[in-house]
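Read the structure below first, then the notes.
Quick note: residue numbers are just sequence positions, from 1. Basis for what follows: all heavy atoms, side chains included, without hydrogens, waters or symmetry-related copies.
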Amino acid sequence: MSQIKTVSITDAVRLRCFTDPHFKTMKISVDMLIPMSALKAAQYGILPSLVSRATREYPDYASLSGRLSELYGASLDSSVRKLGKYQVLTLSAAGISSRYALEGEDMFQELCGLLFSVLFDPLRDKDGLFPQEGFEQEKRQLLELKDAEFNDKIVYAHQRCEEILFEGQPAGVNRHGSREEIASLNREELSGAWQELLQNSRFEVFVLGDCEPNPELFREHFSSLGKPFQIDYLPFEAPSAVKRAAEEMPLAQSKLSMAFRADFRPEERLLFQLMSAVFGGTPSSKLFQNVREKQSLCYYCSASLDSGSRTLYVESGVETENLRRTEEEIMRQWELLCSGELTEDELEAAKLALCNSMRSVGDSLQAVENWCVSRVFEESLETPEEAAERLMQYSREEVVAAAKRLVPAAVFSLVGKGQQ
């Protein structure tokens, strides 16, 4: 994978460029990072999909779709995610490389023009509000998404564990806000929210694929936007006690979600990723081999590191009668890892699994963007190849020492009662 170049547009706007002629496509993305707020999460969360519906230049679905078709089936997308204590709102445009354009169009300029139209000139009615019909549709779709997350019990259990762990803190706020907050949204309060985002966010702009970006184009459009503020991991706070909660539902399978706070510095992120993989991130891991395979206590059992919030989560699907035994065995496997029970073969298998994943980053423009966004807290941006090389140098002793720096923090049990 070629080097990712970074250009500072302003203190609040950073441009990341990944040029690779092996791709036949290009993608331009604008990520806006803003501190999570319980009061603003629902407002901000609906805006990316709302502004990308139509612009003053392309004022309805037919004209916008027509323009995308003219650009050889280009796409215009939006998304909302959470990164530690920040809400990340994304707008992106993607299309073919200019060398495949039949009329010699500069596809980079065309896609930027479309994206800038969405960002800076979304459609408003005569009162300066987002059109009623589009607002109602996006609001309904967001409520349907919340219902879908509730019905996906793996997602629901994880979200509840996160809410319990970070109760009363920005990190505990859902990326779209609560269902009640979404249902109460109105157009009037959104009228100024988009300008708030443009003025108060940190911007990560990505130009990816087969194109040569002109930084001056972005400097022209973004120099007056954004607010410079320090982006950092959620501070580590050792919990005084493990928070616990349980809910009962008519389910065939119970869910167990456990959280450990992870005390690490930004430069140790990769080490803790490796420790997470050893613990429960691969088929050769402690949790998979012992809790699932040897003892058959659960249908799945895996660990993942949320580096932005300095938290390691363990998720498991369990027969209701095995909930307590599964939790005890997960804790036992962690304690065994802390005591040094880790073979070189187990460590090597985890390293190779992570390295294989890193080597595939360059195969997808979305994966390249995800790689960069997940590392916005770090001063320098490693390429996947550099990270893989560093990963292979970690010793068994370092991984064990990292496991000792986990602190049990929260347990949520979704207790199944009978058939779903």
Side-chain angles (χ1 to χ4, degrees), residues 24-32 43-80 89-145 176 182 185-198 201 203 205-211 213-214 217-218 220-222 225 365-366 369:
K24 298 178 181 180
T25 59
M26 67 178 75
K27 181 180 183 183
I28 302 101
S29 288
V30 176
D31 284 18
M32 294 168 278
Q43 290 182 29
Y44 293 161
I46 198 174
L47 284 170
S49 58
L50 189 57
V51 300
S52 58
R53 289 182 62 89
T55 71
R56 189 162 58 119
E57 187 175 4
Y58 307 105
D60 52 44
Y61 179 81
S63 60
L64 183 57
S65 296
R67 181 56 180 153
L68 293 171
S69 296
E70 290 172 358
L71 295 176
Y72 305 95
S75 62
L76 182 64
D77 296 302
S78 65
S79 67
V80 179
L89 313 162
T90 304
L91 290 167
S92 62
I96 64 169
S97 167
S98 297
R99 58 193 164 118
Y100 298 108
L102 299 177
E103 303 298 328
E105 298 96 330
D106 185 336
M107 292 299 294
F108 175 72
Q109 290 287 344
E110 298 289 354
L111 290 173
C112 282
L114 181 62
L115 190 57
F116 293 162
S117 180
V118 170
L119 276 165
F120 306 122
D121 203 11
L123 184 64
R124 308 273 187 149
D125 63 18
K126 59 182 177 60
D127 298 317
L129 305 178
F130 292 107
Q132 181 73 36
E133 182 182 2
F135 167 71
E136 294 295 343
Q137 287 183 4
E138 294 303 329
K139 183 176 175 179
R140 182 175 66 251
Q141 290 181 24
L142 205 49
L143 290 171
E144 290 172 354
L145 174 63
H176 285 113
I182 295 168
L185 286 174
N186 60 71
R187 290 192 301 155
E188 287 72 22
E189 65 186 348
L190 295 179
S191 61
W194 184 242
Q195 288 305 314
E196 287 179 14
L197 273 175
L198 294 178
S201 298
F203 284 80
V205 183
F206 298 91
V207 178
L208 313 168
D210 186 16
C211 57
N214 178 6
L217 177 64
F218 294 95
E220 175 187 345
H221 284 85
F222 288 85
L225 299 183
L365 297 182
Q366 183 61 56
E369 182 179 345

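- Aromatic ring orientation, F120 versus H221: parallel (interplanar angle below 30°, classes split at 30° and 60°).
- M26 places a side-chain heavy atom less than 4.5 Å from the side chain of S98.
- With S69 contributing its side chain and S65 its backbone, the two residues share a donor-acceptor pair below 3.5 Å.
- Closest approach of L91 and W194 over heavy atoms only: CD1-CH2, 3.7 Å.
- Taking every heavy atom of both residues into account, S63 and Y58 meet most closely at OG-C, 3.3 Å.
- Aromatic ring centres of Y100 and Y72: separated by at least 6.0 Å.
- Taking every heavy atom of both residues into account, N214 and F108 meet most closely at N-CE2, 4.0 Å.
- Using a 4.0 Å cut-off between charged nitrogen and carboxylate oxygen, D125 and R187 count as a salt-bridge pair.
- Environment of CD in E188: crowded, with over 12 heavy atoms of neighbouring residues, nucleotides or ligands closer than 6.0 Å.
- For R99, the CZ atom is densely surrounded, since the number of other residues' heavy atoms within 6.0 Å is greater than 12.
- Here the closest non-hydrogen pair linking L76 and A93 is CD1-CB, 4.4 Å.
- Between L64 and the options L114, L123, T55, a side chain to side chain contact (heavy atoms under 4.5 Å, CB included) holds for only L114.
- Remark: K139 does not engage E136 in a salt bridge, criterion side-chain N to carboxylate O under 4.0 Å.
- For the pair L47 and Q43, the tightest heavy-atom approach, listed with the atom from each and the gap, is CG-O, 3.3 Å.
- Taking 4.5 Å as the limit, some side-chain heavy atom of R53 sits within range of a side-chain heavy atom of Q137.
- At a threshold of 4.5 Å between non-hydrogen side-chain atoms, the residues F203 and L198 count as touching.
- Residues E70 and E110 are not in side-chain contact: their nearest non-hydrogen atoms beyond the backbone lie 4.5 Å or more apart.
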